[in-house]
Participant: 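For reference, the structure I am asking about is given below.
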Amino acid sequence: MAMTDVLSAEDIKKAVGAFSAAESFNYKKFFEMVGLKKKSPEDVKKVFHILDKDRSGFIEEEELKFVLKGFTPDGRDLSDKETKALLAAGDKDGDGKIGADEFATMVAES
């Protein structure tokens, strides 16, 4: 499944472009701009599984670094600071990774 099966290519391009500058990433604004906030829980889960590249059932720190690339191949890598901030925002149980429920909570809170 491709990200464009769930979200509009135009919204993805706009949202990724809005955070092209280093250290500019804001997951709350990004999830809203990309249209994820308006999606059903099933669609949010589909997006989670696309971002879970190693299919572990979690999005680990290494996968978070490339989260924008998960939406579009020309997305930039997040900085270490942005990656750690995103992980801290999403990792509610402190296990060092973001599960599907934690991801859904992040999207809902954005």
Side-chain angles (χ1 to χ4, degrees):
M1 175 176 296
M3 199 59 82
T4 50
D5 292 338
V6 184
L7 302 167
S8 108
E10 193 175 309
D11 287 347
I12 292 171
K13 188 175 180 176
K14 254 190 258 179
V16 171
F19 299 102
S20 59
E23 305 300 340
S24 68
F25 186 71
N26 176 318
Y27 77 91
K28 291 182 177 186
K29 284 185 188 160
F30 180 79
F31 289 156
E32 193 172 323
M33 287 180 74
V34 85
L36 196 51
K37 193 163 170 50
K38 296 181 292 210
K39 293 294 177 181
S40 69
E42 293 77 29
D43 281 346
V44 171
K45 200 163 266 195
K46 286 176 190 168
V47 169
F48 172 84
H49 289 297
I50 294 167
L51 296 174
D52 177 20
K53 297 290 185 206
D54 66 1
R55 307 225 180 276
S56 66
F58 296 94
I59 302 174
E60 292 85 7
E61 189 170 341
E62 192 55 35
E63 290 168 324
L64 283 176
K65 186 173 186 65
F66 307 116
V67 73
L68 294 178
K69 279 190 170 65
F71 285 87
T72 182
D74 55 4
R76 70 174 175 89
D77 296 347
L78 296 185
S79 69
D80 288 346
K81 184 177 168 189
E82 289 171 313
T83 303
K84 288 189 186 320
L86 184 56
L87 181 62
D91 181 19
K92 302 291 186 203
D93 62 7
D95 63 358
K97 53 196 175 189
I98 297 174
D101 291 342
E102 290 171 319
F103 183 74
T105 299
M106 276 180 81
V107 171
E109 289 175 350
S110 63

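Reckoned from all heavy atoms, side chains included, excluding hydrogens, waters and symmetry mates.
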Participant: Judged by atom type as modelled, is there a donor-acceptor pair below 3.5 Å linking the side chain of D52 to the main-chain atoms of S56?
Facilitator: yes

Participant: Keeping the roles fixed (side chain from K46, backbone from V6), state whether a donor-acceptor pair exists under 3.5 Å.
Facilitator: no

Participant: Within a radius of less than 6.0 Å around NZ of K45, do more than 12 heavy atoms belonging to other residues, nucleotides or ligands occur?
Facilitator: no

Participant: Hey, are the side chains of L86 and M106 touching, using non-hydrogen atoms and a 4.5 Å cut-off?
Facilitator: yes

Participant: Which heavy atom in R76 sits nearest to a heavy atom in F25, and how many Å separate them?
Facilitator: NH2-N, 3.6 Å

Participant: Count the heavy atoms belonging to other residues, nucleotides or ligands that lie under 6.0 Å from NZ of K92, then report whether that count exceeds 12.
Facilitator: yes

Participant: Using side chain to side chain contact (heavy atoms under 4.5 Å, CB included), reason through V107 and K39 one step at a time and then give a plain yes or no.
Facilitator: CA-CA 10 Å; V107 171; K39 293 294 177 181; over 6 Å; no

Participant: Testing the basics here: between A9 and T4, what is the closest heavy-atom pair and its distance to 0.1 Å?
Facilitator: CB-CG2, 3.9 Å

Participant: Tell me the closest heavy-atom pair linking K29 and F19, and the distance in Å.
Facilitator: CB-CZ, 3.6 Å

Participant: Considering non-hydrogen atoms only, spot the tightest contact between V47 and L36 and give its length.
Facilitator: CG2-CD1, 3.6 Å

Participant: For S8 and E10, which I'm curious about, is there any donor-acceptor pair between the side chains at under 3.5 Å?
Facilitator: no

Participant: Which residue pairs pass the ring-ring contact (aromatic ring centres under 6.0 Å, His included) test when at least one of the two sits in residues 71-110, sequence neighbours left out?
Facilitator: F30-F71, F31-F103, F48-F103

Participant: Are the side chain of E23 and the backbone of S79 linked by a donor-acceptor contact shorter than 3.5 Å?
Facilitator: no

Participant: Between atom CD1 of I50 and atom CG of D5, what is the distance when rounded to the nearest 0.5 Å?
Facilitator: 7.0 Å

Participant: First locate atom CD1 of I59, then atom NZ of K97, and finally report the distance between them rounded to the nearest 0.5 Å.
Facilitator: 12.5 Å

Participant: If the test is side-chain hydrogen bond (donor to acceptor under 3.5 Å, both in side chains), which one of D80, D77, T83 qualifies with K65?
Facilitator: D80

Participant: When hydrophobic residues are tied together by side-chain contacts of less than 4.5 Å, even through go-betweens, does L87 share a cluster with F66?
Facilitator: no

Participant: Please name the pair of heavy atoms, one in K53 and one in G70, separated by the smallest distance, quoted to 0.1 Å.
Facilitator: NZ-CA, 4.1 Å

Participant: Can you see which heavy atom on A18 is nearest to which on M33, and at what distance?
Facilitator: CB-CE, 3.6 Å

Participant: Does D95, at its CG atom, have more than 12 non-hydrogen atoms belonging to other residues, nucleotides or ligands within less than 6.0 Å?
Facilitator: yes

Participant: Please say whether more than 12 non-hydrogen atoms of neighbouring residues, nucleotides or ligands are located less than 6.0 Å from NZ in K13.
Facilitator: no

Participant: Around atom NZ of K84, are there more than 12 heavy atoms from other residues, nucleotides or ligands closer than 6.0 Å?
Facilitator: no

Participant: Can you tell me if K37 uses its side chain to pair, donor with acceptor, with the backbone of A108 under 3.5 Å?
Facilitator: yes

Participant: Count I, L, V, M, F, W, Y as connected when their side-chain heavy atoms are under 4.5 Å apart, and connections chain through other members. Are F58 and L64 then in the same cluster?
Facilitator: no

Participant: Say whether M3 and L68 are linked into one hydrophobic cluster, either directly or through other cluster members, by side-chain heavy-atom distances under 4.5 angstrom.
Facilitator: yes

